[in-house]
Amino acid sequence: MSISSSVLSDLLQSIPHLRPQLYFKASLTALSHAMEDQVLAGTLEQPLVIASFQRERYYRQEAHRYQRLAMGSNQIYVLSARETEFTNSSQSYEQVVFEAEDALSQEWHLVVIADNYATCLVCRESLGSITKNQQTPEFSSNLDMDTARRFEGIWTSERGVSLKAAELLLDRIIVYRPDLEEKIQQARQRFGIGPGKNYSLVQTAEYACDIDTDPFVQRLVTYLQASQYKLHKAYRSITAQSRKERLVNSISTAIRRSLDPHEVLQVAAEELGEHLGASRCLIYRAQATDAQADIKHEFLIPGILPVVGEIWQLRENPLFQEVVEKGEGVCVNNTLSDGRVINSDKLSEIAEKFAIRSWLIEPVLFQGRLLGIVELHYCCLPRHQWQSGEQDLVKAVATQMGAALIQAEAYANLEELNQQLEALDRTRSNLIAITGHELRTPLSTIQVCLESLASEPDMPLELQQVMLNTALSDSERMRKLVQDFLTLSNLESGRVEWHPEALTLQECVDLALSRLRSRSATEPPPKIQTQINPNLPLVRADGDWLVEVIAKLIDNACKFTLPPGTITITATQKSNDVVEVTVADTGRGIEPNRLEIVFDRFYQEEGAMRRTAGGTGLGLAISRQIVNGWGGEIWAKSNGKDQGSQFHFTVPIAHISQEQQRRKVKSNS
């Protein structure tokens, strides 16, 4: 490899699909720190780290970080052009001095590769920035921390790209440090780096559990800074038009203030369409692989046919496909003469129906990913004459929209995570309270009974038997508690093996009722009656689990229905596919706003600490998991407090012949 060649140029030539982007100095510092912090966090096992600083003074600012990085890996390489004391050495990490005329002196590189992680940053300083920095040493020093320094290059987590960047840099290191060839060969063999490798076949795996969210935050900041640069570029082209400046400011403020993607898109469509004097402005969500798009956000001038509610066919739209292929906007000056429109029946039909004469399509991108499309339609004759800066303005607004949409998506994800954390915290609190009550009470009883038996040898036999029965009853209560925990855990984790078969529903109900009758209880259960049509078709489910659902629903009804209350079990065929089973009671009832949360884990209507009915609150949660397991539905109904409740669930019908069904029913009877 020639020392005059650019690593960035070689990388782009080797992997043609890469598209360089613009980065500010502050952005690169933030990105490199995020990449280094991933190593410092200790989540990567013996990673390969290659850092190339332009000059020694830039390296000195980061030397302490690389002392810490070296504590986690013996494959750390730091390159820099010597200015004072930087020398080739192999102390905490490998230092490599390159010549001042080497192309590396104008580039910034950082590559981190581990078994489960890969990322690289390969940038070259733009010529305008270099010229300013080379004016005087004092001026250069002042700009070291100045965001005016700009770089063009690649930052990616694609493993194939990172491996190629590592190969290029390792080749350069051997030129200056041939003594490291054996050590470098170890790294090549471990990570599969070497000549002739087809890095485009390397797939980037997801390791979200190992990766901190901070690099994502830094990436967002970097992109917002790039958006600011594009926005300022647009400003310079329209400085004489203050109204355009007010437009960009108003759109930027609106879309950054809002975390609702629909509001962001509608505000941008209205502001952009009105400012640029368009007849129609459409903004819609679309990805590169979408076949169609639903138009929901539109700006219109009076007298123009609206498009909102239309389904835009994207695969049949050559303009959209050109945007996807090029990754940039497409402009049609005159639909009556443009070959792309004339030669497409679909586009010609759209242009004629909606009277489009001039047409601009601009992609809304984020890190090269298509998020949506901005369309401007001019419907009046003569055709629209595009003014200088108009397309740059649309591109700048689209860039802002991309950042805002990602911001809104990130906020939505954060809201979902917060809700999950709140639910987890409630579960933890309920678990502590309920298990504390349900375990402590029977344990205390068992302890008292056993202590009494041990300390009172002369206790009458009748009383001894009472003590033993009480201890056995409470130990059985504890066993059921632990069993419920294990059952729900297995159901939620998918560790249950289902064994579906054709069953008669009456048989399952009878088995569930026999469980209830065999259960010891201090109070007699309420009256239980069944109303099941003997002509019901067979159902298809795992028999043990179906009995478990019915038993738990009956048990739940018994807890909250005191004699002389009644529990009724019914079953009806709702369609050719399902049978609906209902367990209704005349007991305490459920408030309407609690009909859904009664199926949550550990839910107790009265609260964990002031319950009159025993149990963990897991019965309904287990029932829901079982019913979901065979693809059914379960729900509750109630008219309110003290008005009883009904629990319904569906079971799929077993589609077998009538003869098979008769044989099945006969064998069960």
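Each of E107, Q106, Q13 was compared with S6 under the side chain to side chain donor-acceptor pair (under 3.5 Å) criterion, and only E107 meets it.
Side chain of W630 to main chain of T650: a donor-acceptor pair is present (N/O by atom type, distance under 3.5 Å, no hydrogens or angles). Checking side-chain atoms of S279 against main-chain N and O of C379 turns up a donor-acceptor pair under 3.5 Å. The backbone N or O of Q287 sits less than 3.5 Å from a side-chain atom of D290, completing a donor-acceptor pair. Judged by distance alone, the side chain of T119 and the main-chain N or O of T156 form a donor-acceptor pair under 3.5 Å. Side-chain N or O atoms of R280 include none that pairs as donor or acceptor with a backbone N or O of E298 at under 3.5 Å. Proximity of a side-chain donor or acceptor of S32 to a complementary backbone N or O of T29 within less than 3.5 Å is detected.
Here the shortest heavy-atom pairing between A278 and I301 reads O-CG2, 3.5 Å. Taking each heavy atom of S344 and E316 in turn, the nearest pair found is OG-O, 4.1 Å. The minimum heavy-atom distance between S358 and N333, with the atom names listed, is OG-O, 2.7 Å. Here the closest heavy-atom approach between residue L305 and residue L300 is recorded as O-CD2, 3.9 Å. Of all heavy-atom pairs spanning P318 and R340, the tightest one is CG-O, 4.4 Å.
The residues R172 and D102 are annotated as salt-bridged, a charged nitrogen and a carboxylate oxygen being separated by less than 4.0 angstrom. Contact check on E596 versus R624 returns a salt bridge, with a Lys/Arg side-chain nitrogen under 4.0 Å from an Asp/Glu carboxylate oxygen. Salt bridge absent: R150 and E125 never bring a charged side-chain N and a carboxylate O closer than 4.0 Å. A salt bridge links E322 to K326: at least one charged side-chain nitrogen sits closer than 4.0 Å to a carboxylate oxygen. Salt-bridge check for R188 with D171: passed, with a basic side-chain N closer than 4.0 Å to an acidic carboxylate O. Using a 4.0 Å cut-off between charged nitrogen and carboxylate oxygen, D115 and R190 count as a salt-bridge pair.
Here the straight-line distance linking atom OG of S52 with atom CG of L168 works out to 12.0 Å at 0.5 Å rounding. Note that OG of S348 is 14.5 Å distant from NZ of K353, once rounded to the nearest 0.5 Å. Between the CD1 atom of I154 and the CG atom of L121 there is a distance of 10.0 Å, given to the nearest 0.5 Å. How far CG of L370 is from OG1 of T289: 9.0 Å, rounded to the nearest 0.5 Å. Once rounded to the nearest 0.5 Å, the distance linking CG of L272 with CE of M401 reads 8.5 Å. Remark: M35 CE to S157 OG distance equals 7.5 Å, nearest 0.5 Å.
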Go through the steps to decide whether H648 and E633 satisfy the test side chain to side chain donor-acceptor pair (under 3.5 Å), and finish with yes or no. CA-CA 8 Å; H648 307 256; E633 298 179 358; over 6 Å; no
Output, in order, the C-alpha distance, side-chain angles, deciding distance and verdict of salt bridge (Lys or Arg N to Asp or Glu O under 4.0 Å) for R19 and E328. CA-CA 12 Å; R19 288 181 175 273; E328 57 185 29; 5.7 Å; no
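A donor atom on one side chain and an acceptor atom on the other are not found under 3.5 Å apart for H297 and E270. Side-chain atoms of W312 and Q292 form no donor-acceptor pair, as typed in the model, at a separation below 3.5 Å. Side-chain atoms of H17 and E158 include a donor-acceptor pair closer than 3.5 Å.
At least one side-chain heavy atom of V49 sits under 4.5 Å from a side-chain heavy atom of L110. Taking 4.5 Å as the limit, some side-chain heavy atom of I15 sits within range of a side-chain heavy atom of V161. Put simply, the side chain of V341 reaches to within 4.5 Å of the side chain of V332, judged on heavy atoms. Counting heavy atoms from C-beta outward, Y284 and V364 have side chains that stay 4.5 Å or more apart.
With ring centers used as reference points, W108 lies under 6.0 Å from F151.
Enclosure of atom CD in Q313 by more than 12 non-hydrogen atoms of other residues, nucleotides or ligands within 6.0 angstrom is indicated. Atom CG of N593 has more than 12 neighbouring heavy atoms from other residues, nucleotides or ligands inside a 6.0 Å radius.
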